[in-house]
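Keep in mind that the numbers below use all heavy atoms, side chains included, and drop hydrogens, waters and symmetry copies. Residue numbers begin at 1 in each chain, while the letters A, B, ... track the order of the sequences.
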2 protein chains.
Amino acid sequence: MEEVNELGVSAGPGSRKGRSRVTVKDLARDLGMSVSTVSRAFYAEAVVAPATRELVLKRARELGYRPNPMAQSLKTNRTQIAGMVVSDITNPFYPEVMSRLAAGLHEIGMNVMLISAPQAGEIDDAVKLLLSYQPDLVIILAATLSSEAMRECRTAGSPCIFFNRLSSDPDSFGVSCDNAKGGGKAADFLIKRNHKRLAYISAYADASTNMERRDGFLKRVVERGLTRPVVIEAGSFSYEAGYEAAGAFGELEERPDGVFCANDIVALGFIDGVRNRLGLDVPGDISVVGFDDIAMAGWPSHGLTTVGQPVDEMVSATVELAATLAADPREKPIVTRLAPRAIVERTTTRRR
Amino acid sequence: MEEVNELGVSAGPGSRKGRSRVTVKDLARDLGMSVSTVSRAFYAEAVVAPATRELVLKRARELGYRPNPMAQSLKTNRTQIAGMVVSDITNPFYPEVMSRLAAGLHEIGMNVMLISAPQAGEIDDAVKLLLSYQPDLVIILAATLSSEAMRECRTAGSPCIFFNRLSSDPDSFGVSCDNAKGGGKAADFLIKRNHKRLAYISAYADASTNMERRDGFLKRVVERGLTRPVVIEAGSFSYEAGYEAAGAFGELEERPDGVFCANDIVALGFIDGVRNRLGLDVPGDISVVGFDDIAMAGWPSHGLTTVGQPVDEMVSATVELAATLAADPREKPIVTRLAPRAIVERTTTRRR
DNA sequence: CTGAAAGCGCTTACAG
DNA sequence: CTGAAAGCGCTTACAG
């Protein structure tokens with residue numbers, strides 16, 4: 001940082017903050033070039049003598065110069081910011097995804113602005129705050145945007161990518177697992193192991209993920225000639241909801257022997273509920289299959305058999321889409337569906 | 001959004017993006033005032049006729065005008081951005097904290113820029129990217145910044161707040177639980193229930209949280225006249241580390257009857273390890289106490305007795321500090337310590 | 001290939 | 001109390 005002083009960049013009156021940052025002006029002066037030329041050196045498309053560019057880039061590195069993205073965005077209307085809206089943070093699936101998404105976005109030079117709403121209601125205000133930074137795009141995890149918020153994104157010119165859970169809005173992008181297929185896999189898995197009476201534990205009823213997994217599961221079961229599975233409404237994607245669902249499960253006159261849950265966290269709650277409240281054995285009395293394959297599913301205390309999500313592929317697809325959208329936000333909305341991974345068989349299922 | 005058109009704000013040449021945003025200029029024209037006056041209306045300290053201010057604010061609301069923070073920051077050197085650096089996302093304690101911190105920061109009008117590094121090594125680059133946005137401060141969760149990164153924060157003028165885990169750097173802020181006291185509480189708890197031979201499962205050895213909890217625990221145990229607890233090095237704050245530590249625990253010639261773990265997630269792993277690998281009963285053979293009181297600790301399948309962190313207080317303190325720092329970054333570094341909550345007694349401990 | 005100039009959307013001394 | 005002007009750090013037509 002000595003070079004900063006070499007340059008003679010003084011703190012200046014505006015910087016009570018003590019921020020002495022190298023600006024394009026400093027760099028230009030140091031190099032004896034015009035600001036325009038220096039600026040151009042940073043853009044591959046810009047026409048500038050190769051030798052000049054090299055000189056600029058080299059000196060920039062030495063002085064630790066980086067273009068100020070705030071100033072850039074004022075001119076370019078691009079911010080290199082990806083908004084990330086999250087609400088259902090209690091599902092461990094999302095921290096895992098957030099972390100990997102953020103890393104991927106950093107790699108393409110984007111920064112992530114995080115909006116996290118404990119309650120769904122509070123999301124709107126936060127989205128407004130986010131939008132004032134004009135993010136190049138916003139990625140929505142496990143949250144449902146109000147139609148007002150969606151409209152605001154549109155007027156702000158920030159396209160929305162729904163990750164995992166899709167939106168009913170036809171104007172937004174989506175990256176998701178082929179959940180219906182995943183539901184079908186769960187059905188095949190249980191039927192192959194000779195289960196006869198199946199059930200589905202439904203989470204948040206309106207979530208696309210929930211509906212697709214349910215429908216895929218039911219459809220396949222019926223196709224295979226078994227009776228249509230019972231559906232128990234747990235109400236949300238949470239451990240508690242799964243735990244409560246065990247109560248309703250206990251009331252069934254004919255007890256199912258195979259259960260597919262909307263996701264892992266619901267499955268874990270359901271299993272605990274079934275064990276504690278109904279005194280049943282898993283997998284002795286019933287088999288339970290989850291969806292996601294979060295790290296916890298692999299813990300010995302749980303050993304959950306589950307349909308794995310193709311997280312790597314989903315993250316890559318999202319990052320790629322982000323790169324495209326950052327370059328040209330006018331792409332037409334598209335929904336990408338990735339095939340689920342193979343079922344991971346652990347200890348919550350067995351052959352009947 | 002109709003008003004935008006009323007105003008006659010055209011998309012303009014620069015906005016291929018279709019971003020038609022109301023600017024201060026538009027608002028001024030609409031109100032027949034100067035840009036200066038309009039701008040002033042948004043600052044409580046600025047001198048402007050009350051009636052004028054009201055008018056401006058009202059119309060701004062109607063048109064959906066919000067000052068562009070990018071442009072603002074160019075003048076003010078304040079960005080209203082809080083950087084958030086996270087690495088240990090597998091510990092569920094952090095998602096809970098992130099979510100609440102983000103919400104609190106949004107309430108004081110700050111936005112959160114997230115850096116998440118899967119491996120500690122990759123954090124430096126991401127921090128550089130973050131710093132180019134000149135965050136008013138950066139909050140560090142469960143991560144250790146390289147000294148180079150810390151220096152960069154300093155030259156960038158962004159003060160660092162270490163949350164939970166403290167830094168050895170004397171130049172940074174900190175908000176943490178009184179971990180030593182928490183360790184002492186765990187000791188008292190086990191001793192009161194007549195445990196005689198105690199052990200501590202250590203996580204990442206260099207983490208301040210780990211050291212303080214350990215030392216507080218050991219000190220209190222010795223003070224109370226018991227023999228100094230065995231310390232087993234699990235190596236990291238993870239389930240896997242706890243699980244592995246059970247192996248080392250099994251090798252001990254004299255088996256402890258009470259174990260205090262560096263945090264909940266380590267405790268859960270340790271318990272599973274002890275049960276699966278050693279065939280021991282918890283709490284039959286040994287009692288286990290954790291630290292944090294994450295949601296999972298309360299699950300029936302775990303029922304972990306644990307020292308609760310004062311998360312609410314820690315989050316409030318951090319947000320308050322952020323507000324102060326955003327206003328004046330030259331505050332002197334201070335470390336806030338909050339008392340741990342009472343131990344939550346569940347089913348992994350019993351009286352001997 | 002390079003430079004001078006305009007302007008992105010703001011804030012804030014400086015006059016009046 | 002208000003307005004005209006300068007300037008924050010950039011990019012990018014426009015000349016040369």
side-chain hydrogen bond (donor to acceptor under 3.5 Å, both in side chains) partners for Ser176(B), two or more places apart: Asn179(B)
Donor-acceptor pair, side chain of Thr318(B) and main chain of Met314(B), under 3.5 angstrom: yes
Protein-nucleotide distance (Glu45(B), atom CD; dC1(D), atom P), rounded to Å: 15 Å
Residue pair Pro69(A) / Arg21(A): nearest heavy atoms and the distance that separates them: CD-NH2, 4.0 Å
Touch class at under 4.0 angstrom, heavy-atom based, for Val48(B) against every strand present: sugar-phosphate
Shortest non-hydrogen separation from Pro135(A) to Gly83(A) and the atoms involved: CB-N, 3.8 Å
Base-pairing string, 5' to 3', of DNA chain C - Watson-Crick or wobble, under 3.5 Å, | interstrand: |||.||||||||.|||
Heavy-atom protein contacts under 4.0 Å, nucleotides 3-11 of chain D, coded B base, S sugar-phosphate only, - none: BBB-BBBBB
Ion pair check, Arg78(B) and Asp328(B), cut-off under 4.0 Å: no
Short N-O contact, Arg59(A) and Glu62(A), less than 4.0 angstrom: yes
Asp171(A)/Arg151(A) ion pair, N-O < 4.0 Å: no
P spacing across the pair dC1(C) / dA5(C), given as an integer number of angstrom: 24 Å
N-O pairing of Glu54(A) and Lys58(A) below 4.0 Å: no
Touch class at under 4.0 angstrom, heavy-atom based, for Ser73(A) against every strand present: nothing
